[in-house]
Amino acid sequence: MSTKNNSPYTAAITGCSFLIYEFKRFLPLLMAENADQLIKEEIENNQILQVNSRKARRTFALEFKRRFNSVPIYFWQSWQGWSETGQRAGLFYAILKTYKLVFDFHFNVAIRHWNSINHQLDKSDIMMEFNEIAAHDEFVDSWSDNTKDRCASQYLTFLRQTGLLNEKSNQLQSIRPDNDELEYYFRAGEEWFLEALLLFPYEINEIKSHIL
């Protein structure tokens, strides 16, 4: 059983959604030499985020920093030049690397659904996985129902914003960025992410043969 101190899970996603456009505007601050100073100024002055609440700006800055730090800086240098599809996929990749909760939801629920006959995904599917996690993690078990509900909703929002879940039908769907945008994942030994984009093994092999 785990406490907050040694649990790999956090409910931090409830305070910061996908926010791709805000993240794009914020990225140059994260990449700057004097990042800490610039971020501090942005939290005070609200020049870039354009978010009214100072508390929200502080939360976004903290989570953006965590997402940014979850992958090497050269990933973000490439990411800036990618298509919108590639950028959405890339931000989802960073989110999967940042939050174990999102990773577990994705691989234990979404991908399992994708590989079955039923491609529809809704909140009750996520809540079942939540119960499974909580049964083995005291810290997660201590979260309120409201927190769990918000985490599940946020994960589904991530899928919709990435393009992996149809807005209307709640059907899972794959996305396929350009080969040159996918090259990073092969070169970095992160081929698992192509499975996370719900690409089939034959598609992944086909992409690989073009890239490597």
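It should be emphasised that the depicted structure is a prediction, and the values quoted were computed from it without experimental measurement.
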What orientation do Phe200 and Tyr202 show, parallel under 30°, tilted 30 to 60°, or perpendicular over 60°? parallel

Per the ring pair (Phe, Tyr, Trp, His ring centres under 6.0 Å) rule, which among Trp114, Phe158, Phe92 passes with His106? Phe92

Quick one: are Tyr155 and Leu101 in side-chain contact, heavy atoms under 4.5 Å? no

Establish, from distance only, whether the side-chain atoms of Asp122 and Ser124 form a donor-acceptor pair under 3.5 Å. yes

Quick check: closest heavy atoms across Lys148 and Ala134, and the distance to 0.1 Å? NZ-CB, 4.3 Å

Contact between Phe26 and Glu42 at the side-chain level, heavy atoms closer than 4.5 Å - yes or no? yes

Plane angle bin for Phe139 and Trp143 - parallel if under 30°, tilted between 30 and 60°, otherwise perpendicular: perpendicular

CG on Leu30 to CZ on Arg66, rounded to 0.5 Å: 13.5 Å

Gln47 side chain near Glu41 side chain, heavy-atom distance below 4.5 Å: no

Classify the ring geometry between Phe23 and Phe64 as parallel (under 30°), tilted (30 to 60°) or perpendicular (over 60°). perpendicular

Taking the side chain from Asp137 and the backbone from Val140, do they hold a donor-acceptor pair closer than 3.5 Å? yes

Under a 3.5 Å threshold, yes or no: a donor from one side chain and an acceptor from the other, between Tyr99 and Glu63? yes

Can Arg176 and Glu206 be counted as an ion pair, charged N to O under 4.0 angstrom? yes

Beyond-backbone contact of Tyr184 with Pro72, side-chain heavy atoms, under 4.5 angstrom: yes

I'd like to know if Arg88 and Glu84 make a salt bridge, using a cut-off of under 4.0 Å between side-chain N and carboxylate O. yes

I need the minimum non-hydrogen distance between His210 and Asn179, along with the two atoms involved. CB-ND2, 3.5 Å

Are the aromatic ring centres of Phe130 and Phe105 under 6.0 angstrom apart? yes

Per-pair distances, 0.1 Å, donor-acceptor, side chain in residues 187-199, under 3.5 Å, sequence neighbours excluded:
residue	atom	partner	partner atom	Å
Arg187	NE	Glu183	OE2	2.8
Arg187	NH2	Glu183	OE2	3.0
Glu190	OE1	Trp192	NE1	2.9
Glu190	OE2	Tyr93	OH	2.6
Glu190	OE2	Lys97	NZ	2.5
Glu191	OE1	Lys208	NZ	3.1

Rounding to 0.5 Å, atoms OG (Ser169) and CD (Gln120) come to a distance of 7.0 Å

Which distance, rounded to the nearest 0.5 Å, do you find between the NZ of Lys40 and the CG of Asn34? 11.5 Å

If you look at every heavy atom in Ala89 and Ile175, which pair is closest and at what distance? CB-CD1, 4.0 Å

Any non-hydrogen side-chain atom of Phe103 less than 4.5 Å from a side-chain atom of Thr98? no

